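To keep things clear, I will list the structure first and then write my remarks on it.
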Amino acid sequence: MDSRRNKFTTKFKLRVIEYAEQTKNCAAAREFKVSQKNVRDWKRLSPQLKLMPKNKCANREKCNKWPQLEVEVAKYVSENRQNGYGVSRGSIRIFALKLARKLGITDFKASHGWCTRFMKRNDFVLRQRTKIAQLLPQELDDKVIEFHRFIIKHRKKNPYRLSCIGNMDETPMNFDMPVSQTVDKVGEKTVLVKTTGQEKSRFTVVLSCMADGTKLTPVVIFKRKTIPKPNFPKGGAAAMAGSAVIGGMLLAMIEGVGILLTRFTSEQFKPIAPGEMGDPSVLGPPQPMTLNPEANYQ
């Protein structure tokens, strides 16, 4: 006789329960070759079986062996997250080991399995970082109180309305924000995520609100290397035509003065035709040419 225990999945147990409800426990035991005690136990655990995975055989979970230690570790995780500090599985295990020594627990090893069960019991999961928080200055509270006093003082001196007091902040945004984690097949060595190629390009969003609770329309600022050409305002075409006419008149005046000067100077250097020359006799007899004997005419 085989002494090994048989294992039955949740799907099989639900089939036996359904058959037993339609007939009887003994008939279901004969049909599926199980004992009537199993049929009764499964019918009693029917609500829990419906919530279990279909391929799971048992719902066994280890109980909390060190409740006081896990309470302190959970408080450590919560306090660090409230302050904005990151908490890893390794830091949880190191803190738990130090705490176990203080509490005198000798059989605690802070294994990977214990860390997984601890996170499951306390609803902790690994999350992807969504943003990086800057460290706030130590004198932040004093500066906030001083700013409040400054505003109250000026409101008493000049009764500004709440609708005239506002707050504005600028925040950068990415054109494309690809996910850093994705679901894929087990064993895949390369996990590709397609993007638009603009994950490093940014634009600025300006958010504003007034003291009375009014939210202003957000302003989006895009950075460009060239200035966009604006549309012509009303009357722009007429002003452009007037400027063109005045410029043409000035150019015509300059060209006319240049032509007049050219004509005036050209009259002085005009060549004389042979017919226009006078009678040569009026010039008198030619004068004799005298040479200087001491001059060198080589």
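On a predicted model such as this, the values are computed, not experimentally measured, just so you know. Atoms considered below: every heavy atom in the structure, side chains included; atoms not considered: hydrogens, waters and symmetry mates.
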Quiz prompt | Worked check of side chain to side chain donor-acceptor pair (under 3.5 Å) between Arg93 and Ser111 | solution = CA-CA 7 Å; Arg93 296 173 60 196; Ser111 61; over 6 Å; no
Distance check, rounded to the nearest 0.5 Å: [X] atom [atom1] versus [Y] atom [atom2]?
| X | Y | atom1 | atom2 | value |
| --- | --- | --- | --- | --- |
| Ser201 | Asn174 | OG | CG | 8.5 Å |
| Leu45 | Arg40 | CG | CZ | 13.0 Å |
| Phe108 | Leu69 | CZ | CG | 5.0 Å |
| Gln48 | Thr10 | CD | OG1 | 11.5 Å |
| Leu103 | Glu72 | CG | CD | 7.5 Å |
| Ile17 | Gln22 | CD1 | CD | 12.5 Å |

Quiz item: Are the aromatic ring centres of Phe12 and Phe32 under 6.0 angstrom apart?
Solution: yes
Exercise. In sequence, state the C-alpha distance, the side-chain angles, and the governing distance for Asn38 and Lys13, and then conclude on side chain to side chain donor-acceptor pair (under 3.5 Å).
Key: CA-CA 9 Å; Asn38 286 342; Lys13 295 176 183 178; over 6 Å; no
Other ILVMFWY residues reachable from [X] by side-chain steps of under 4.5 Å:
| X | result |
| --- | --- |
| Val206 | Met168, Val219, Ile221 |
| Met173 | Phe175, Phe203, Val205, Leu207, Val220, Phe222 |
| Leu216 | Met210 |

Exercise. May I ask you to check whether over 12 heavy atoms, not counting those of Glu31, lie within 6.0 Å of atom CD?
Key: yes
Quiz item: In terms of heavy-atom contacts, does CD of Glu146 have more than 12 from other residues, nucleotides or ligands at under 6.0 Å?
Solution: no
Self-check item: Chi angles and distances behind the side chain to side chain contact (heavy atoms under 4.5 Å, CB included) call for Leu99, Val73
Solution: CA-CA 8 Å; Leu99 184 61; Val73 176; 4.2 Å; yes
Does the side chain of [X] reach to within under 4.5 Å of the side chain of [Y], using non-hydrogen atoms?
| X | Y | result |
| --- | --- | --- |
| Glu79 | Lys75 | yes |
| Val87 | Phe95 | no |
| Val16 | Lys43 | no |
| His148 | Ile151 | no |
| Lys109 | Trp114 | no |

Exercise. Apply side-chain contact (heavy atoms from CB on, under 4.5 Å) to Asn55 and list each qualifying residue two or more places apart in sequence or on a separate chain.
Key: none
Quiz item: Who passes side-chain contact (heavy atoms from CB on, under 4.5 Å) against Leu162, sequence neighbours left out?
Solution: Arg155, Ala211, Asp212
Quiz item: Quick one: does Ser46's side chain have a donor or acceptor within less than 3.5 Å of a partner on Trp42's backbone?
Solution: no
Quiz item: Has the side chain of Thr23 got a donor or acceptor atom that lies under 3.5 Å from a matching backbone atom of Tyr19?
Solution: yes
Quiz item: Is Val77 linked to Leu97 within one hydrophobic cluster, defined over Ile, Leu, Val, Met, Phe, Trp and Tyr using a side-chain heavy-atom separation of less than 4.5 Å?
Solution: yes
Quiz prompt | Thr116 versus Arg89, side-chain donor and acceptor atoms under 3.5 Å | solution = yes
Closest non-hydrogen atom pair, [X] against [Y]:
| X | Y | answer |
| --- | --- | --- |
| Ala74 | Phe118 | N-CZ, 3.7 Å |
| Ser78 | Phe124 | OG-CZ, 4.1 Å |
| Gln36 | Asn25 | CG-O, 4.4 Å |
| Ala29 | Ser35 | CB-C, 4.1 Å |

Practice problem: With sequence neighbours left out, write down each residue that passes salt bridge (Lys or Arg N to Asp or Glu O under 4.0 Å) with Lys37, or none if nothing qualifies. | Solution: Asp41
Quiz prompt | Stepwise side chain to side chain contact (heavy atoms under 4.5 Å, CB included) test for Phe147 and Val144 | solution = CA-CA 5 Å; Phe147 177 73; Val144 171; 5.7 Å; no
Exercise. Show the numbers, then the answer: is there a side chain to side chain contact (heavy atoms under 4.5 Å, CB included) between Ile105 and Asp107?
Key: CA-CA 6 Å; Ile105 302 175; Asp107 57 342; 3.4 Å; yes
